[in-house]
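Read through the structure below, which is laid out as structure tokens, and then see the notes.
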Number of protein chains: 2
Amino acid sequence: MFHALADANRRAVIERLTRGPATVSELAAQLGVTVAATVQHLQVLQDSELVRSEKVGRVRTCQIDPAGLRNAEAWLRRQRTAWEHRLDRLGAVLDDQKKEPGS
Amino acid sequence: MFHALADANRRAVIERLTRGPATVSELAAQLGVTVAATVQHLQVLQDSELVRSEKVGRVRTCQIDPAGLRNAEAWLRRQRTAWEHRLDRLGAVLDDQKKEPGS
DNA sequence: CTGAAACTTAAGTCGCTACTTGACTTTGTT
DNA sequence: AACAAAGTCAAGTAGCGACTTAAGTTTCAG
């Protein structure tokens, strides 16, 4: 799932879509790659629930799906807070040792 | 930088380190790969400022570096809020159209 | 109906990346 | 001193992943 965000072109797609929906051709033009390559990127982004798309007529319109972004954010926050809480506990232990230096 | 988080073994290292520091050998044992491979992962994690490490004697001890986590979190938050603000503006436009249906 | 536009799918190429093995350096133990 | 432990470095290999080209498919315009 972070794998989807690891590619610069896919991140560019995300950034583009935060400014509004876009078609496959538009995204391809902006990235400077083939339409086929863009479709493959979109497949990855959809599998990670970072992008949704809907086809009407012959044109597929893509937009952000907040679910994936929230998941990624949640994982990072979990790691960071776990680390911070550990530091808190460590600080408490050190404080105890200061107050009561006897082993 | 997201590339560092894209690998499952590297994420496992992060998760392990949130529970306290560890040596290279300990991390290698937990991952089930060679020490050499683990060193390579650590190199990537350090380049992204996700992990710091210090060598004392012949043993290197690793711990979380919050800088990278914060950067990743910030990028995700930027994208998410940009998207939410866009929805807000869109909502405002639709409200205007309701009030003033004349083209 | 003909043809172009927008996308889809399949196959192939090429570079990158994770991993290993093996040789080496440094540090600690007996 | 001699050996073991912990890590580092350098190649080498296997597989994945991003991209392309080429051949469909579907939809819309004239």
Side-chain angles (χ1 to χ4, degrees), chain A residues 1-17 19-65 68-69 71-72 75 79, chain B residues 1-17 19-65 68-69 71-72 75 79:
Chain A
M1 168 157 94
F2 277 102
H3 158 252
L5 294 168
D7 184 83
N9 276 341
R10 282 196 289 264
R11 283 197 303 276
V13 168
I14 298 275
E15 289 184 351
R16 168 61 186 81
L17 291 183
R19 316 223 197 295
T23 72
V24 175
S25 309
E26 285 167 1
L27 293 173
Q30 169 153 347
L31 295 183
V33 301
T34 319
V35 172
T38 306
V39 170
Q40 290 168 8
H41 282 309
L42 287 172
Q43 191 56 52
V44 174
L45 289 169
Q46 291 189 41
D47 289 349
S48 308
E49 294 183 308
L50 288 160
V51 164
R52 257 178 310 157
S53 74
E54 194 190 1
K55 190 162 183 176
V56 37
R58 62 183 167 178
V59 45
R60 173 175 298 278
T61 306
C62 312
Q63 63 178 315
I64 294 274
D65 181 351
L69 286 181
N71 280 350
W75 187 89
Q79 304 310 317
Chain B
M1 170 161 95
F2 278 103
H3 158 254
L5 293 169
D7 184 84
N9 276 341
R10 283 196 289 265
R11 282 196 304 274
V13 167
I14 299 274
E15 289 185 350
R16 167 63 187 80
L17 291 182
R19 315 217 198 300
T23 72
V24 176
S25 309
E26 285 167 0
L27 293 173
Q30 170 152 346
L31 294 184
V33 301
T34 320
V35 172
T38 306
V39 170
Q40 289 169 9
H41 282 309
L42 286 172
Q43 190 56 52
V44 174
L45 288 169
Q46 292 188 39
D47 290 348
S48 309
E49 294 183 309
L50 289 161
V51 164
R52 258 178 310 157
S53 73
E54 193 190 2
K55 188 164 185 176
V56 37
R58 63 181 165 179
V59 45
R60 174 175 298 277
T61 307
C62 311
Q63 62 179 315
I64 293 275
D65 181 352
L69 286 181
N71 280 350
W75 188 89
Q79 304 310 317

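Heavy atoms only: backbone and side chains are in, while hydrogens, waters and symmetry mates are out. Chain letters run A, B, ... following the sequence lines, proteins first, then strands; residues in each count from 1.
Between the CG atom of B/L42 and the P atom of C/dC19 there is a distance of 12 Å, rounded to whole Å. Taking atom CG on B/L27 and atom P on D/dT8, their separation rounds to 12 Å, with Å as the unit. Computed from coordinates, the A/Q43 CD to C/dC7 P distance equals 15 Å when rounded to whole Å.
In this view, A/Q30 and A/R16 satisfy the side chain to side chain contact (heavy atoms under 4.5 Å, CB included) rule, not counting sequence neighbours. Take B/D47 and apply the side chain to side chain donor-acceptor pair (under 3.5 Å) test, not counting sequence neighbours, and it matches B/Q43. Not counting sequence neighbours, B/Q40 has no partner by the side chain to side chain contact (heavy atoms under 4.5 Å, CB included) test. Checked against side chain to side chain contact (heavy atoms under 4.5 Å, CB included), B/N9 has the following partners two or more places apart in sequence or in another chain: B/D7, B/L31, B/V33, B/H41. Listed by chain and number, the residues in a side chain to side chain contact (heavy atoms under 4.5 Å, CB included) with B/A28 are B/V35, B/T38 (sequence neighbours excluded). Scanning for side chain to side chain donor-acceptor pair (under 3.5 Å) contacts around B/E26 gives an empty result, with sequence neighbours left out. Considering only residues two or more places apart in sequence or on other chains, A/E49 meets the side chain to side chain donor-acceptor pair (under 3.5 Å) condition with none of them.
Of the residues listed (B/L50, B/L45, B/I64), the one engaging B/L17 in a side chain to side chain contact (heavy atoms under 4.5 Å, CB included) is B/I64, and it is the only one.
End-to-end axis angle for the helix from C/dC1-D/dG30 to C/dT30-D/dA1, using five pairs per end and rounding to 10°, comes out at 20°.
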(request) Any chance you could list the contact pattern along nucleotides 11-30 of chain D? Use B for base contacts, S for sugar-phosphate-only contacts and - for none, protein heavy atoms under 4.0 Å, 5' to 3'. (result) -------SBBB-----BS--

